[in-house]
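Whatever order the structure lists them in is the order used to number ligands and atoms, beginning at 1. Side chains included, hydrogens not; waters and symmetry mates left out as well; all remaining heavy atoms used.
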Amino acid sequence: MESELIKKVLDGDVRTAAKLIRGIEDELADAFEALESVYLHTGRAYIVGVAGAPGAGKSTLLGNLIGVFRRRDMKVGVVAIDPTSPFSGGALLGDRLRMQTYGTDGDVFIRSLATRGWKGGLAKATVNTVHVMDAMGKDIIFVEAVGSGQGEVDIAKVADTSIIVLTPGMGDEVQMMKAGILEAADIFVINKADREGAASVRSALELMLKMKTGRPGDWQPCIVLTEAIYDTGTEQLAEGILKHKEFLVSSGQMEKRRRVRAELELVWAVESSLRNYLESMDKDYLTRMIDDLVQRKISPQSAAALIVNIAENRER
Ligand SMILES: Nc1nc2c(ncn2[C@@H]2O[C@H](COP(=O)(O)OP(=O)(O)OP(=O)(O)O)[C@@H](O)[C@H]2O)c(=O)[nH]1
Ligand SMILES: [Mg+2]
């Protein structure tokens, strides 16, 4: 039988969902327990990652995209990952302000996650928040993340479509972009195209994409120019997202991406159950094991195998 809480989440109840997400942020045991049932009701939403340098215009773009998808009668979720760095300490308020137009629309649900020092990792908290929105019945969920480098690659693991937002004046930076970032993006947005230099970023990108050796049948990343403050280019960007979705579905890659994500979540779950087990273990036993390691009577691998064995037997 579903708990009252799960029923409310499935009904799209904003208060319950918000509370559950706070529980995920605080890593409360109750929240993780609820997530187990939530997970079984997910897999329907389409997930879009939006990454880019601080101030690239991600939130403004998202505000526009919300409009486009709402006009198509789709329910929208947004997870904004807030870097609590001294530079963008005001991001949370900024995001709220920029997206406040949708504050009263019950079919738009926006949450910020602060990137404080999670044990479980940011990607995991993000995926779990996405799961809550998915279970709420959101059709499309955007994940906004600041990042230059690894961040984009991480978001790509979570998303069906990954968007990287660049801005004019980044031509040289594009040339320095690591191959991994290039691979991670399905759509490149050059925002602030009202400013000088958008064309040169575009040619730098095109050159890099040309050099990329893809397999036949692979998705060719597209480039969209936008002026987010004037809501220009939003339709093309939305088209790009839907085209990429169609490609993933018809090529069978959607299934593949979702299997990769499921595997990733399995690994996280294994890691956290072992970590929990380790924390609950008899401290004397653990101390003796560490003594044995220090005295080189046993290797870390064999010690780990012993622990996994005990954990396995206890599960039975
Ligand atoms: N000239 C110009 N300014 C823009 C454009 N899009 C956004 N901006 C401005 O750029 C600034 C940053 O926009 P945001 O949407 O907050 O950017 P962001 O990437 O979400 O920023 P963080 O979340 O802090 O990393 C704001 O002052 C916007 O008004 C654009 O197309 N042209
Ligand atoms: Mg933002």
Close approach, Gly55 and ligand 1, non-hydrogen under 4.0 angstrom =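 Heavy atoms of Gly55 do come under 4.0 Å of ligand 1.
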Test your reading of the structure: does [X] have an N or O sitting under 3.5 Å from an N or O of ligand 1?
X	result
Lys192	yes
Ala56	yes
Asp194	yes

Which pairs with one or both residues in residues 208-245 pass ring pair (Phe, Tyr, Trp, His ring centres under 6.0 Å), sequence neighbours excluded?
->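 Qualifying pairs: Trp219-His244, Trp219-Phe247.
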Can you check salt bridge (charged side-chain N to carboxylate O under 4.0 Å, His left out) on Arg72 and Glu239, steps first, answer last?
-> CA-CA 12 Å; Arg72 293 174 186 236; Glu239 283 306 318; 3.0 Å; yes
Is the backbone N or O of Ala228 less than 3.5 Å from a side-chain atom of Asn64, with the two atoms forming a donor-acceptor pair by type?
->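 Answer holds: yes.
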Is the Mg ion (ligand 2) less than 2.8 Å from an N/O/S atom of Ser59, whether that atom is in the backbone or a side chain?
->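 Yes.
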Considering only heavy atoms, does Ile229 approach ligand 1 within less than 4.0 Å through its side chain, its backbone, both, or neither?
->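 Under 4.0 Å from ligand 1, Ile229 contributes backbone and side-chain atoms.
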Mind running salt bridge (charged side-chain N to carboxylate O under 4.0 Å, His left out) on Glu279 and Arg275 for me, showing each step along the way?
-> CA-CA 6 Å; Glu279 275 166 20; Arg275 198 168 299 127; over 6 Å; no
Under 3.5 Å, is there a donor-acceptor pair linking the side chains of Asn191 and Thr226?
->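 Side chains of Asn191 and Thr226: pair found under 3.5 Å.
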If you count the atoms of ligand 1 from 1 in the order shown, which ones are under 4.0 Å from a heavy atom of Pro54?
->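 Under 4.0 Å from Pro54, ligand 1 has these atoms: 25 (O).
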